[in-house]
Amino acid sequence: MRRGGAGRKLATLVTGVFLVKLSLAAPITGPSALLFYATVDEARRFAVDSASERGWAVLAAAEVAEFEQVLEEGDPRRLIRVSAWFTEEPAGVRVLLRGREVEVSATGEELSTDVTERYRENLTNALASLRSNWDRQHRRDPGEPEEATLVGSVGSVGDPTQRGPIGVWAYYAERYAESRACALTPTGAVLEASGADWERHRVDCLDGRSLRIHCHHGDCTARR
């Protein structure tokens, strides 16, 4: 009987540890942005500092960062909490956000609701601002003009007169191509198609490859 009880306790402990680790794993979906050439520690520290400067209370800054703002005082007290995960990729670190609306009663009890989809536009805009500020402070070329973080034609490789149509997120398409070992030709990223919040670019490489890169709010990935 004692062995059985010990076994059950051990199983409970192992399950608890597993659930804790599972909660730290990055979720599959949610607004995200890639910080080029960042390490996980750099990206986390940058996100935490940025949130703090904008008036968010920092609840956690370890593997998963968590921020909070008060939506409404009273009983219950309504809060918005944003969790940030940081995943290393070949091009840098991807920051993924999810949001929760929390009601806290006078006794301290909490009721939490996932509101990631409801606040998707707000979270996406916050990530775009984070990525733009990161690029401005961590450009690979110290002499690159400020506009290069927004318009690909400025600070791009080669003669701008040789370039084709240029999109708003050409800069990010070129950085993504470089992360795939593509040495850019003078034409840089050429805009092939676009919509309200997306662009498709063609990036030609000196080794003869031609990459098709799809950007959504500046977050770029290769698409076949």
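Here, residue 1 is the first one in the sequence, and each next residue gets the next number.
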Would R175 pass as a cation-pi partner of Y171, given that its NZ or CZ must be under 6.0 Å from the six-membered ring centre and within 45 degrees of the axis?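 Cation-pi check for R175 and Y171: passes.
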
When the ring planes of W198 and H214 are compared, do they come out parallel, tilted or perpendicular, using 30° and 60° as the limits?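 Answer is parallel, since the angle falls under 30°.
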
Would you call the rings of F36 and Y172 parallel, tilted or perpendicular, taking 30° and 60° as the class edges?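 It falls in the parallel class, under 30°.
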
Nearest 0.5 Å please: distance from the [atom1] atom of [X] over to the [atom2] atom of [Y].
X    : Y    : atom1 : atom2 : value
C215 : W169 : SG    : CH2   : 8.0 Å
E109 : E103 : CD    : CD    : 12.0 Å
N122 : L127 : CG    : CG    : 11.0 Å
L123 : L96  : CG    : CG    : 9.5 Å

Shared ILVMFWY cluster between [X] and [Y], side chains joined below 4.5 angstrom?
X    : Y    : value
V58  : W134 : yes
L111 : L71  : no
V82  : V102 : no

For a salt bridge (Lys or Arg N to Asp or Glu O under 4.0 Å) with D114, tell me which candidate from R100, R81, R98 qualifies.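 Per the salt bridge (Lys or Arg N to Asp or Glu O under 4.0 Å) rule, the option paired with D114 is R98, out of R100, R81, R98.
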
Side chain [X], main chain [Y], donor-acceptor under 3.5 Å:
X    : Y    : answer
E199 : S194 : no
D75  : A106 : yes
R54  : S50  : yes
S132 : A128 : no

Taking 4.0 angstrom as the limit, do [X] and [Y] come out as a salt bridge?
X    : Y    : result
R209 : D204 : no
R212 : E192 : yes
E117 : R120 : yes

Might you work through the side chain to side chain contact (heavy atoms under 4.5 Å, CB included) test for E178 and L184, ending with a clear yes or no? CA-CA 7 Å; E178 288 177 336; L184 305 181; 3.9 Å; yes

Where do [X] and [Y] come nearest, in terms of heavy atoms and distance?
X    : Y    : value
L211 : C182 : CD1-CB, 4.1 Å
A189 : E174 : N-OE2, 3.0 Å
R180 : P90  : NH1-CB, 3.8 Å
A181 : D207 : O-OD2, 4.5 Å
A173 : V203 : O-CG2, 4.3 Å
L35  : A43  : CD1-CB, 3.9 Å

Apply salt bridge (Lys or Arg N to Asp or Glu O under 4.0 Å) to the pair R78 and E73, showing each step before the final yes or no. CA-CA 6 Å; R78 293 178 57 242; E73 294 287 2; over 6 Å; no

Stepwise, does the side chain to side chain contact (heavy atoms under 4.5 Å, CB included) test hold for V95 with L97? CA-CA 7 Å; V95 184; L97 302 181; 4.3 Å; yes

With H216, the side-chain hydrogen bond (donor to acceptor under 3.5 Å, both in side chains) member among D197, T124, T221: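 Running side-chain hydrogen bond (donor to acceptor under 3.5 Å, both in side chains) over D197, T124, T221 with H216 returns exactly one hit, D197.
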
Among V48, I80, L59, which one satisfies side-chain contact (heavy atoms from CB on, under 4.5 Å) with F67?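 For F67, the side-chain contact (heavy atoms from CB on, under 4.5 Å) test succeeds with only one of V48, I80, L59, which is V48.
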
Would the number of heavy atoms belonging to other residues, nucleotides or ligands and lying under 6.0 Å from CD of E88 be above 12?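 Open.
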
I'd like to know whether CD of Q69 has more than 12 heavy-atom contacts from other residues, nucleotides or ligands below 6.0 angstrom.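 For Q69, atom CD is crowded (more than 12 foreign heavy atoms under 6.0 Å).
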
Carefully, step by step, assess Q137 and F46 under the rule side chain to side chain contact (heavy atoms under 4.5 Å, CB included). CA-CA 10 Å; Q137 296 182 33; F46 191 75; 3.7 Å; yes

Using side chain to side chain contact (heavy atoms under 4.5 Å, CB included), reason through E101 and R118 one step at a time and then give a plain yes or no. CA-CA 10 Å; E101 198 168 288; R118 189 194 311 173; 3.2 Å; yes

